[in-house]
Chemist: 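One structure, as structure tokens, below. Some questions next.
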Amino acid sequence: MGRFDGRIAVITGAARGIGFGTATRFAEEGASVAIVDLDESAAGDAAARLPLADGVRAIGVGANVSDEASVDAAFERIVAEFGGVHVLVNNAGITRDNLLFKMTGEDWDLVMGVHLKGAFLMTRAAQKHFVEQKYGKVVNISSTSALGNRGQANYSAAKMGVQGLTRTLGIELGPFGINVNAVAPGFIATEMTDATAARLKMDVEEFRALNAEHNPVRRVGEPADIAAAVTFLASDEASYITGQTLYVDGGVSLGV
Ligand code: NAI
């Protein structure tokens with residue numbers, strides 16, 4: 001018996017990184033999974049790599065979470081394929097880091113569009129089904145950068161915005177049997193943090209080691225660390241938890 005037997009989970013940005021790690025954990029625990037990502041073939045390839053339980057399926061859906069028509073079409077397709085949806089993980093993300101004086105309006109809009117508008121659009125599409133069935137779990141991915149991070153005014157604002165969205169939707173949707181929570185990861189070894197290393201002209205391993213050194217638990221995180229928290233919050237064990245943001249960061253947000 002898996003915690004997600006008979007459940008259908010939609011995970012955005014799951015063609016790789018934290019999203020793929022999370023999709024893997026849902027699949028291992030019995031869920032059918034829809035991987036939503038920009039490129040349909042990358043999403044399909046990722047879906048084909050999931051460890052599926054007997055009788056369940058995974059599909060890859062190409063969609064841009066910051067585009068209303070694209071999100072609504074993706075949701076329709078997922079519901080038509082699976083006959084419903086129970087869990088939504090808003091994980092898709094990008095960075096466009098720069099100090100304020102160099103940050104363009106386009107960099108601001110792009111980051112806000114994917115993280116904040118994306119979570120809004122996806123959750124609005126999901127709630128129609130969740131409210132009808134009086135059951136739904138939303139887990140949004142925030143970040144320790146929400147607390148403030150040099151060079152990430154756009155990303156930090158979007159990620160703190162995600163926490164506000166989470167609290168508000170917790171209030172609005174709670175009466176309909178829907179839990180809305182967030183996970184705020186610290187440094188997780190993925191292509192996103194590897195790209196940051198490249199931008200800082202640092203070796204990937206050196207960059208990870210540096211981040212591990214400044215972390216109370218003295219290591220960087222892996223996608224599986226985030227998947228464990230997301231699946232807990234999406235499970236029925238967490239049905240009395242809503243509107244919360246759980247920092248999964250090895251203690252780095254403690255500021256020691
Ligand atoms: P990643 O860059 O490895 O993966 C992000 C995925 O999102 C990619 O597959 C990408 O194609 C997809 N994506 C981007 N824009 C999209 C759009 N408009 N529509 C649909 N899909 C889109 O990143 P990673 O590290 O796996 O990050 C996942 C989430 O975790 C992001 O929200 C990120 O901000 C957050 N996060 C990551 C941390 C880290 O240290 N890696 C730390 C804190 C938060």
Side-chain angles (χ1 to χ4, degrees), residues 10-24 34-47 49 60-71 73-75 78 88-97 109-122 125 139-149 152 154-163 165-166 182-199 204 207-208 210-212 214-215 219-227 229-230 245-250 252-253:
V10 178
I11 304 152
T12 69
R16 67 185 202 194
I18 292 171
F20 182 70
T22 301
T24 301
I35 286 186
V36 176
D37 211 299
L38 281 174
D39 179 51
E40 171 115 5
S41 72
D45 289 350
R49 283 186 281 125
V61 178
N64 176 356
V65 298
S66 62
D67 181 87
E68 194 161 348
S70 179
V71 164
F75 243 91
I78 292 164
L88 168 65
V89 182
N90 287 309
N91 163 83
I94 56 166
T95 53
R96 290 291 182 275
D97 298 352
D109 289 343
L110 273 173
V111 168
M112 285 292 168
V114 178
H115 295 277
L116 200 45
K117 189 172 182 193
F120 154 66
L121 291 174
M122 288 294 297
V139 184
N140 296 318
I141 304 299
S142 178
S143 167
T144 48
S145 294
L147 300 170
N149 196 25
Q152 290 199 311
N154 50 2
Y155 185 80
S156 169
K159 290 304 202 187
M160 194 48 105
V162 163
Q163 295 192 22
L165 180 72
T166 300
V183 171
F187 188 107
I188 309 297
T190 68
E191 288 180 51
M192 181 180 272
T193 40
D194 291 353
T196 307
R199 205 169 49 249
V204 163
F207 188 54
R208 290 180 184 177
L210 186 73
N211 276 277
H214 293 288
N215 190 307
R219 71 169 176 92
V220 295
E222 301 292 333
D225 292 309
I226 304 308
V230 170
T245 296
L246 177 61
Y247 281 79
V248 180
D249 64 354
V252 89
S253 59

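Order of appearance sets the numbers: ligands from 1, and atoms from 1 within every ligand.
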Chemist: Compute the minimum heavy-atom distance from Thr12 to ligand 1 and say whether it is under 4.0 Å.
Modeler: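 Contact absent.
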
Chemist: For Asn91, counting its heavy atoms only, list the atoms of ligand 1 lying under 4.0 Å from any of them.
Modeler: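 Those of ligand 1 that fall under 4.0 Å from Asn91 are 28 (C), 29 (C), 30 (O), 31 (C), 32 (O).
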
Chemist: Counting heavy atoms only, name the option from Val111, Ile226, Ile94 that's nearest to atom 15 (N) of ligand 1.
Modeler: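 Going through Val111, Ile226, Ile94 one by one, Ile94 has the nearest heavy atom to atom 15 (N) of ligand 1.
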
Chemist: Are any non-hydrogen side-chain atoms of Val111 and Thr95 less than 4.5 angstrom apart?
Modeler: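 Contact flag for Val111/Thr95 side chains = no.
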
Chemist: When you compare the side chain of Leu116 with that of Val162, does any pair of heavy atoms fall below 4.5 Å?
Modeler: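 They are in side-chain contact.
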
Chemist: Could you check atom 25 (O) of ligand 1 against the protein and tell me its nearest heavy-atom contact, residue, atom and distance included?
Modeler: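 Checked against all protein heavy atoms, atom 25 (O) of ligand 1 sits closest to Thr190 OG1, 2.5 Å.
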
Chemist: At what distance is the nearest protein heavy atom to atom 6 (C) of ligand 1, and which residue and atom is it?
Modeler: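 The closest one turns out to be Gly13 O, 3.4 Å.
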
Chemist: Do me a favour and list the nearest non-hydrogen protein atom to atom 4 (O) of ligand 1 with residue, atom name and distance?
Modeler: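 The closest heavy atom on the protein side is Arg16 NE, 3.5 Å.
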
Chemist: Taking Asp39 for the side chain and Ala42 for the main chain, is one N or O donor matched with an acceptor at less than 3.5 Å?
Modeler: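 Yes.
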
Chemist: Where is the nearest protein heavy atom to atom 11 (O) of ligand 1: which residue, which atom, and how far?
Modeler: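 Going by distance alone, atom 11 (O) of ligand 1 is nearest to Asp37 OD1, 2.6 Å.
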
Chemist: Quick check on contacts: which atoms of ligand 1 are under 4.0 angstrom from a heavy atom of Phe187?
Modeler: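 Every atom of ligand 1 under 4.0 Å from some heavy atom of Phe187: 40 (O).
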
Chemist: Checking the side chain of Asn91 only, and the main-chain atoms of Gly13 only, is there a donor and an acceptor separated by less than 3.5 Å?
Modeler: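 Such a contact is found between Asn91 side chain and Gly13 backbone.
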
Chemist: So between Ala43, Ser143, Gly186, whose heavy atom ends up nearest atom 42 (C) of ligand 1?
Modeler: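 It is Gly186 whose heavy atom sits nearest to atom 42 (C) of ligand 1.
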
Chemist: Do any N/O atoms on Ile188 end up under 3.5 angstrom from N/O atoms on ligand 1?
Modeler: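 Yes: some nitrogen or oxygen of Ile188 is under 3.5 Å from one in ligand 1.
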
Chemist: When you measure from the side chain of Ser156 to the backbone of Ser145, do you find a donor-acceptor pair of N or O atoms at a distance under 3.5 Å?
Modeler: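 Yes, because the side chain of Ser156 sits within donor-acceptor range (under 3.5 Å) of the backbone of Ser145.
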
Chemist: Looking only at protein heavy atoms, which one is nearest to atom 23 (O) of ligand 1, and how far off is it?
Modeler: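 Heavy-atom neighbour on the protein nearest atom 23 (O) of ligand 1: Met192 CB, 3.5 Å.
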
Chemist: Tell me, which protein residue and heavy-atom name are nearest atom 18 (N) of ligand 1, and how many Å apart are they?
Modeler: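 Here the nearest protein heavy atom works out to Asn64 OD1, 2.8 Å.
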
Chemist: So for ligand 1, is Gly17 a polar contact partner (N or O within less than 3.5 Å, distance only)?
Modeler: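 No, there is no polar N/O contact under 3.5 Å.
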
Chemist: If I compare all heavy atoms of Ala46 with all of Phe20, which pair ends up nearest, and what's the gap?
Modeler: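 Closest approach of Ala46 to Phe20: O-CE1, 3.4 Å.
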
Chemist: Without swapping roles, check the side chain of Asp225 against the backbone of Glu222 for a donor-acceptor pair under 3.5 Å.
Modeler: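 Answer holds: yes.
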
Chemist: Hey, is Phe20 one of the residues with a heavy atom under 4.0 angstrom from ligand 1?
Modeler: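 It does not, in that no heavy atom of Phe20 comes within the 4.0 Å cut-off of ligand 1.
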
Chemist: Taking side chain as C-beta onward, heavy atoms only, is Thr193 less than 4.5 Å from Phe187?
Modeler: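 In short, these two side chains touch, coming nearer than 4.5 Å.
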
Chemist: Would the distance check show the side chain of Thr12 and the main-chain N or O of Asn90 forming a donor-acceptor pair, the cut-off being under 3.5 Å?
Modeler: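 Not at all, since once roles are kept as given, no pair shorter than 3.5 Å links the two residues.
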
Chemist: Considering only heavy atoms from C-beta outward, does the side chain of Arg219 approach that of Asn215 to under 4.5 Å?
Modeler: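 Side chain of Arg219 against side chain of Asn215, heavy atoms only: no contact under 4.5 Å found.
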
Chemist: Is there a side-chain contact between Ile35 and Ile11 in this structure, where contact means two heavy atoms from C-beta onward sitting under 4.5 Å apart?
Modeler: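 Counting from C-beta outward, Ile35 and Ile11 never come under 4.5 Å.
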
Chemist: Under 4.0 Å, counting heavy atoms only: does Ala63 come that close to any atom of ligand 1?
Modeler: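 So Ala63 counts as touching ligand 1.
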
Chemist: Contact between Ser142 and ligand 1, counting heavy atoms under 4.0 Å?
Modeler: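 Right, Ser142 reaches ligand 1.
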
Chemist: Does a side chain donor of either Asn140 or Thr166 reach within less than 3.5 Å of an acceptor in the other side chain?
Modeler: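 Yes, side-chain donor-acceptor contact under 3.5 Å.
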
Chemist: If you count the atoms of ligand 1 from 1 in the order shown, which ones are under 4.0 Å from a heavy atom of Pro185?
Modeler: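 Those qualifying, in numeric order: 42 (C), 43 (C), 44 (C).
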
Chemist: Starting from atom 36 (N) of ligand 1, find the nearest protein heavy-atom neighbour and note its residue, name and distance.
Modeler: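 Scanning the protein heavy atoms, the shortest distance from atom 36 (N) of ligand 1 goes to Tyr155 OH, 3.4 Å.
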
Chemist: Please list the nearest protein heavy atom to atom 14 (C) of ligand 1 with its residue and the distance rounded to 0.1 Å.
Modeler: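 Closest protein heavy atom to atom 14 (C) of ligand 1: Gly93 O, 3.5 Å.
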
Chemist: So which bit of Val65 gets within less than 4.0 Å of ligand 1, heavy atoms only: side chain, backbone, both or neither?
Modeler: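 The answer is both, backbone and side chain.
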
Chemist: Do Asp67 and Lys117 meet the salt-bridge criterion of a basic N to acidic O distance under 4.0 Å?
Modeler: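 The answer is no: the pair does not qualify as a salt bridge.
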
Chemist: In ligand 1, which numbered atoms sit nearer than 4.0 Å to a non-hydrogen atom of His115?
Modeler: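 Matching atoms, with element in brackets: 32 (O), 34 (O).
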
Chemist: Given that the side chain starts at C-beta and the backbone is N, CA, C, O, which of these parts of Thr193 lies under 4.0 Å from ligand 1, counting heavy atoms, or is it both or neither?
Modeler: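 Contact part for Thr193 vs ligand 1: side chain (C-beta onward).
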
